Amino acid sequence: FLKQAIDAKKASMKVLMAWLSELKITGKIDELEEALKPLIKAMPENADLLCLQVNVCAMRGHVSRMEILRQRVLEIDPENHRAYYQRAMYLSAQGEMDGVKKDVDKVLSIDPYDAHAIFAKVHLITKHNKSPETIASDQNMVEAALSREGIPFDDWAMLKYSLGLLEEMKPNYQEAFHHVDEANKEIWKRQYVDEGVYFSIVSDLSKFFSKKFFVKKKKTINRKPAKGDDLGKGLIFIFGMPRSGTTLVENVLSRGGKVTAGGERGDIDTLFTSLVNSGVKVESGLANIGAMSLVDIRETASEHLANIQRMTGNTIYFCDKNLRNFLNLGLLVLLFPKAKFINCKRDPADTCLSNYFTHYGWNSIRYSYDLKTLGLYYRLYELIMKHWRKNLPAPILDIVYEDMIESPEESARALVGFCELEWNDNYLAHEKAEGKFATASIAQVRQPLYRTSINKWKSYEKYLTPLLEQLDRGISLD
């Protein structure tokens, strides 16, 4: 509807901004970027348009450009709360929590009902300062924001998650679950995914990337390095279920000063999709990958490595922490046979509970909003990892979250050794980490390691029956 109004040139500025915001929320970054170019050229002093361009830069990882634009927004409109919120999110990714608090407080002084700022205050600040007075004050703030008429759905959901966390801090687990469950049920109505979709993805991958496939591709995998194609030496792929400790693992590796933390990058997902949808005329989309020649493989690998080098300079070691790369391992071992592959594991029930209590935003990790589907997805993740261990011609290191908590030095040494890095004691120092941590774990990566997250699911056990039944269920792809 919004697009039709714009195409008909009958759109007001309000309608135009609603359409652009919809592109941002739904993750259509390429389309948003193209739409913004002529608009900003025509209206260079429009702070709202510039704020959207800041979002694009953040998603692209263009930090310096993002900060220049954000400063420009504040020159135009010194009270623009979006600009302060955007800086707070950037600072949180750098672990600068004093700056986060300052900017979040500034946003709330401008708009005390701003749901994003309230969510950030509860999840990034109050969570680590659990005084009864602060919890009570935050709860009053959240309830006041919820009491308004005509509140947007996404704001309502974020505020319900905030109430859930505040109740958990008391602790009042019944009320905590009630608020989060209510939000998730409403989100699931809007973002439902049939479980057959997830079955099909894992089934297709396991059938195509068989032991026979990798035997056939042995020459490609065992090829010698060539100009632009160093076989992925120095690349480190960290993956697993969300909330399984991937941020912590990347954080540990980046402490030694040799590894660039790339964060959750979508490059390989995009590459995989483009290859599957390429014009090679074969029966299966996946078979397009199988049809790649050695020249194709080298060119594709070289282009990816060149992109990383342009971003990082001459860094030898680079982490890609895209969680979904456990689905992309068949392609990755063809492109980068010398790369390191690290699978992060955590207690299944704790992993799923943490996902259920995490607000990922629109159209992201949709299976996490339904307990039954969440349990099924976890089991499918285990199945595809079992397949890779049996068939993939490359070692995979399993790192267990609970071991990272209980035996941090032993786990860190295992990581450093597997990645062929030289050990130094900085790998044990939380404050040494540098890089991008733009994930739901951003507030925790530089905190001391706590044991309160282990076996947390037991506090909610009586509410988790659909999840626990799925986790206990034996499934196969047949």
Side-chain angles (χ1 to χ4, degrees), residues 1-70 72-73 80 82-83 85-86 89-90 93 115-116 152-155 157-158 187 190-193 197 201 262-279 285 288 300 303-304 307 310-311 320 322-325 327-328 359-366 369 436 438-439:
F1 171 79
L2 295 172
K3 184 69 164 61
Q4 287 176 352
I6 290 160
D7 289 343
K9 303 188 183 303
K10 296 180 180 179
S12 66
M13 192 64 193
K14 185 175 181 180
V15 171
L16 179 63
M17 288 304 300
W19 175 60
L20 294 171
S21 297
E22 185 75 9
L23 293 178
K24 176 178 77 86
I25 291 170
T26 53
K28 297 177 180 177
I29 304 306
D30 291 339
E31 194 171 343
L32 174 60
E33 189 169 28
E34 287 304 310
L36 283 171
K37 287 178 182 177
L39 292 170
I40 291 176
K41 185 176 181 179
M43 296 175 279
E45 301 293 303
N46 188 296
D48 290 334
L49 291 175
L50 291 174
C51 274
L52 286 169
Q53 187 63 42
V54 171
N55 285 119
V56 171
C57 290
M59 293 173 186
R60 300 285 196 210
H62 302 158
V63 176
S64 58
R65 174 64 176 159
M66 176 183 71
E67 185 59 17
I68 291 170
L69 285 169
R70 194 194 64 77
R72 179 64 184 138
V73 171
N80 190 291
R82 291 188 187 89
Y85 175 77
Q86 288 168 334
M89 293 301 96
Y90 170 72
H116 289 81
F153 174 76
D154 197 48
D155 286 8
M158 295 180 78
I187 294 172
R190 293 161 171 78
Q191 300 191 48
Y192 168 81
V193 180
V197 172
I201 292 170
E264 295 185 13
R265 302 183 58 78
D267 310 52
I268 301 301
D269 279 340
T270 301
L271 175 59
F272 191 97
T273 301
S274 67
L275 290 172
V276 167
N277 295 329
S278 67
N288 291 331
T300 304
E303 183 178 348
H304 181 76
N307 288 337
R310 279 193 291 271
M311 182 177 66
D320 182 328
N322 178 4
L323 304 173
R324 282 174 44 87
N325 274 335
L327 297 173
N328 298 329
H359 182 250
Y360 289 109
W362 180 258
N363 207 33
S364 177
I365 312 184
R366 291 160 67 178
Y369 299 111
K436 301 175 184 178
T439 77

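Atoms considered below: every heavy atom in the structure, side chains included; atoms not considered: hydrogens, waters and symmetry mates. Note that the structure is predicted; figures quoted are calculated from it, not measured.
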Between CG on residue Leu69 and CG on residue Leu52, distance to nearest 0.5 Å
11.0 Å
With rounding to the nearest 0.5 Å, note down the distance linking CG in Asn80 to CG in Leu50.
9.5 Å
With rounding to the nearest 0.5 Å, note down the distance linking CD in Gln86 to NE2 in His116.
10.5 Å
Go through the steps for Arg82 and Asn55 under the test side chain to side chain contact (heavy atoms under 4.5 Å, CB included), then give the verdict.
CA-CA 10 Å; Arg82 291 188 187 89; Asn55 285 119; over 6 Å; no
Give a yes or no answer on whether the side chain of Glu33 reaches the backbone of Val56 with a donor-acceptor pair at less than 3.5 Å.
no
Please name the pair of heavy atoms, one in Cys51 and one in Ala83, separated by the smallest distance, quoted to 0.1 Å.
SG-N, 4.1 Å
Atom OG1 in Thr300, atom CG in Leu275: separation rounded to 0.5 Å?
6.0 Å
Are there more than 12 heavy atoms of other residues, nucleotides or ligands under 6.0 Å from atom CZ of Arg324?
no
I'd like to know if the side chain of Arg265 and the backbone of Asp320 have a donor-acceptor N/O pair within less than 3.5 Å.
no
If I take atom CD1 from residue Ile68 and atom CE from residue Met66, how far apart are they, to the nearest 0.5 angstrom?
10.5 Å
I'd like to know whether Asp267 forms a side chain to side chain donor-acceptor pair (under 3.5 Å) with Asn307, so could you lay out the CA-CA distance, the side-chain angles of the two residues, the decisive distance to 0.1 Å, and finally the verdict.
CA-CA 10 Å; Asp267 310 52; Asn307 288 337; 5.4 Å; no
Would you say the side chain of Arg70 lies within less than 4.5 Å of the side chain of Tyr90, judging by non-hydrogen atoms?
no
Nearest heavy-atom neighbours spanning Tyr360 and Tyr369:
N-OH, 3.2 Å
At what distance, to the nearest 0.5 angstrom, does CD of Glu264 lie from CG of Asn325?
10.5 Å
